[in-house]
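Below: the structure, in structure tokens.
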Amino acid sequence: MALKSVFDSSVIRAEFDKAGINNRFIPLIWKYVIQNPDCNWEDIPSLPSLAYRLLRAKFNASTSVVHSVFESNDGVTTKLLIKLQNGAFVESVIMRYDSSLGKLNGKPRPGGPRSTLCVSSQVGCKMGCTFCATGTMGFKNNLSSGEIVEQLVHASRLSTIRNIVFMGMGEPLNNYSSLVDAIRVMTASPFQISPRKITVSTVGIIHAINKLHNDVPNLNLAVSLHAPVQDIRCQIMPAARAFPLEKLMNALQEYQTKSQQKIFIEYIMLDGVNDEEQHAHQLGKLLEAFQVVVNLIPFNPIGSLSQFITSTNQKVTRFQKILRDIYDIRTTVRKEMGQDISGACGQLVVNLPDKHSISNAAPLTDIEDIRRQ
């Protein structure tokens, strides 16, 4: 029987409870493993003797390994190809930013360089979005909470991670229990990442959105809307048929009422599909009652799989201007990072890289920095 990840919080807590071992030792174990990746259980000081036997019998310090580290030519993006215990692969992306490049009330923001980690929640994805490379893999399996947390552990050894975005492979809300367990670990000792620095992106799984704020409050919610009307959403996002736009917007209204937080709206710009002026007006009317930030995302080609064309800069600018000037909706255009290593939005699909590409470039500003503007 395969050993469990020591970062599978619900499993290790249940085992410790069953054995009568105080759960206060668990964060100490996690901290030691993070700092000593090749440790043996006996190396961890001051645990009860029963804890050592339990760890040896049922847990691994890590159930995944970093297979490849791939650096992009922009010098600020690192993609990790991570091999899981079952032999499958997932990808995580480290994106380095500089807070001082952002603006707050027209002035430079405080802070400086830090990193955001984009994590995967599933191997593949069953949503089938036609503009996303991950969808071409189909769905393989859910990640355990430990496998999700281990992506943060691996990345933390390369860069200090301040922000987490669940925008990697998979639909996070389709792996709900593991997602919630992983976030609870990430926000607790020893990681102690603020929930306000964690963003969960979803295509709109309504029943899960209805539970999310109660289970893990103070997160950022990002919704992959990508079209202002149901028929276009269904054309480019087959899963949207199960989540009608009207019901989704009702769920988002309830979520916002409970959370009192802005919602991020992700909107990929597809030439001739959803980027015309009429679409901007439809989107503005759909969102004008909400407190949102609309993030316009240039379409990232996915090789021969692409059936779409990236919108022109002129169309993107005009779309943004309509939302801002007519509907007073805060709207940003995402600066794409890591396209050359297929690490940009919509490009995550497992390919085994055979080389490293390393260079330097200036850090960028981060979408997370506009959260409270």
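No experiment lies behind these values; they were computed from the predicted model shown.
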Determine, step by step, whether Ile164 and Lys197 satisfy the side-chain contact (heavy atoms from CB on, under 4.5 Å) criterion, reporting the C-alpha distance in whole Å, the side-chain angles of both residues, the deciding distance to 0.1 Å, and the verdict.
-> CA-CA 6 Å; Ile164 304 286; Lys197 301 298 182 185; over 6 Å; no
Side chain to side chain, [X] and [Y], heavy atoms closer than 4.5 Å:
{"X": "Asp43", "Y": "Tyr32", "result": "yes"}
{"X": "Thr312", "Y": "Lys315", "result": "yes"}
{"X": "Leu221", "Y": "Gln261", "result": "no"}
{"X": "Thr331", "Y": "Ile322", "result": "no"}
{"X": "Lys31", "Y": "Ile26", "result": "no"}
{"X": "Arg324", "Y": "Gln320", "result": "yes"}
{"X": "Val294", "Y": "Val292", "result": "yes"}
{"X": "Thr63", "Y": "Glu150", "result": "yes"}

Roughly how far apart are [X] [atom1] and [Y] [atom2], rounded to 0.5 Å?
{"X": "Thr199", "Y": "Phe264", "atom1": "OG1", "atom2": "CZ", "value": "5.5 Å"}
{"X": "Met169", "Y": "Leu143", "atom1": "CE", "atom2": "CG", "value": "8.5 Å"}
{"X": "Ile297", "Y": "Leu270", "atom1": "CD1", "atom2": "CG", "value": "10.0 Å"}
{"X": "Ile205", "Y": "Asn210", "atom1": "CD1", "atom2": "CG", "value": "11.5 Å"}
{"X": "Arg13", "Y": "Asn23", "atom1": "CZ", "atom2": "CG", "value": "5.0 Å"}
{"X": "Ser224", "Y": "Phe131", "atom1": "OG", "atom2": "CZ", "value": "6.5 Å"}

Within the distance-only criterion (no hydrogens, no angle test), does the side chain of [X] pair as donor or acceptor with the backbone N or O of [Y] below 3.5 angstrom?
{"X": "Asp275", "Y": "Gly272", "answer": "yes"}
{"X": "Glu276", "Y": "Gln278", "answer": "no"}
{"X": "Asn274", "Y": "Met269", "answer": "no"}
{"X": "Gln85", "Y": "Leu3", "answer": "yes"}
{"X": "Asn86", "Y": "Ala88", "answer": "yes"}
{"X": "Ser120", "Y": "Glu91", "answer": "yes"}
{"X": "Trp41", "Y": "Leu55", "answer": "yes"}
{"X": "Thr202", "Y": "Gly204", "answer": "yes"}
{"X": "Arg233", "Y": "Pro244", "answer": "no"}
{"X": "Thr187", "Y": "Pro195", "answer": "no"}

Indicate yes or no: does [X] engage [Y] in a salt bridge with an N to O separation below 4.0 Å.
{"X": "Glu277", "Y": "Arg318", "answer": "yes"}
{"X": "Glu266", "Y": "Arg334", "answer": "yes"}
{"X": "Lys321", "Y": "Asp325", "answer": "yes"}

Determine the sole option in Ile183, Val185, Leu152 for which the side-chain contact (heavy atoms from CB on, under 4.5 Å) test with Ile193 is passed.
->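 Result for side-chain contact (heavy atoms from CB on, under 4.5 Å) with Ile193: Leu152.
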Check the side chains of [Y] and [X] for a donor-acceptor pair under 3.5 angstrom, ignoring hydrogens and angles.
{"X": "Asp181", "Y": "Ser10", "answer": "yes"}
{"X": "Ser311", "Y": "Asp271", "answer": "no"}
{"X": "Asn175", "Y": "Gln122", "answer": "no"}
{"X": "His154", "Y": "Ser64", "answer": "yes"}
{"X": "Thr78", "Y": "Arg96", "answer": "yes"}

Would you sort out whether Phe89 and His67 count as a ring-ring contact (aromatic ring centres under 6.0 Å, His included), showing the intermediate values?
-> CA-CA 9 Å; Phe89 290 85; His67 178 277; 5.2 Å; yes
For side-chain contact (heavy atoms from CB on, under 4.5 Å), just list the numbers for Leu212 and Leu219, CA-CA rounded to whole Å, side-chain angles, deciding distance to a tenth of an Å, and then say yes or no.
-> CA-CA 9 Å; Leu212 188 62; Leu219 299 175; 4.3 Å; yes
Evaluate the criterion side-chain hydrogen bond (donor to acceptor under 3.5 Å, both in side chains) for residue pair Asp8 and Ser145; output intermediate values, then yes/no.
-> CA-CA 5 Å; Asp8 269 315; Ser145 61; 2.9 Å; yes
Nearest non-hydrogen partners of Leu252 and Ile263, listed with the distance =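 Shortest heavy-atom contact: O-CD1, 3.7 Å.
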For residues Ala155 and Ile94, report the shortest heavy-atom separation together with the two atoms involved.
->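 Closest pair (atom of Ala155, atom of Ile94, distance): CB-CD1, 3.8 Å.
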Intermediate values then yes/no, side-chain contact (heavy atoms from CB on, under 4.5 Å), Leu245 and Leu286 = CA-CA 10 Å; Leu245 189 57; Leu286 183 69; 4.1 Å; yes
Where does the angle between the aromatic ring planes of Phe7 and Trp30 fall among parallel (under 30°), tilted (30 to 60°) and perpendicular (over 60°)?
->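 Rings of Phe7 and Trp30: parallel, under 30°.
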Specify whether Tyr267 and Phe319 have parallel, tilted or perpendicular ring planes, treating 30° as the upper limit for parallel and 60° as the lower limit for perpendicular.
->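 Tilted: the ring planes of Tyr267 and Phe319 meet at 30° to 60°.
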Given Ser115 and Thr160, is the side-chain contact (heavy atoms from CB on, under 4.5 Å) satisfied, shown in steps?
-> CA-CA 6 Å; Ser115 296; Thr160 301; over 6 Å; no
Just checking [X]: does its [atom1] atom have more than 12 heavy atoms from other residues, nucleotides or ligands closer to it than 6.0 angstrom?
{"X": "Asp231", "atom1": "CG", "value": "yes"}
{"X": "Gln253", "atom1": "CD", "value": "yes"}
{"X": "Gln192", "atom1": "CD", "value": "yes"}
{"X": "Lys83", "atom1": "NZ", "value": "no"}
{"X": "Ile309", "atom1": "CD1", "value": "no"}

Given side-chain hydrogen bond (donor to acceptor under 3.5 Å, both in side chains), test Asn163 with Tyr97 step by step and report yes or no.
-> CA-CA 10 Å; Asn163 291 0; Tyr97 301 93; over 6 Å; no
Establish, for the pair Lys285 and Tyr327, whether the NZ or CZ atom is under 6.0 angstrom from the six-membered ring centre and no further than 45 degrees off its axis.
->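 Judged by the rule (NZ or CZ under 6.0 Å from the ring centre, within 45° of its axis), Lys285 is not positioned above Tyr327.
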Taking only residues two or more places apart in sequence or in another chain, which ones pass salt bridge (Lys or Arg N to Asp or Glu O under 4.0 Å) with Glu42?
->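 With sequence neighbours excluded, Glu42 shows a salt bridge (Lys or Arg N to Asp or Glu O under 4.0 Å) to Arg56, given in chain and number order.
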Is there a chain of hydrophobic side chains (I, L, V, M, F, W, Y, each step under 4.5 Å between heavy atoms) that links [X] to [Y]?
{"X": "Leu54", "Y": "Tyr52", "result": "yes"}
{"X": "Val119", "Y": "Leu158", "result": "yes"}
{"X": "Phe59", "Y": "Val65", "result": "no"}

With side-chain hydrogen bond (donor to acceptor under 3.5 Å, both in side chains) as the test, would you mind laying out the steps for Ser5 and Glu147 before giving the verdict?
-> CA-CA 7 Å; Ser5 168; Glu147 289 171 328; over 6 Å; no
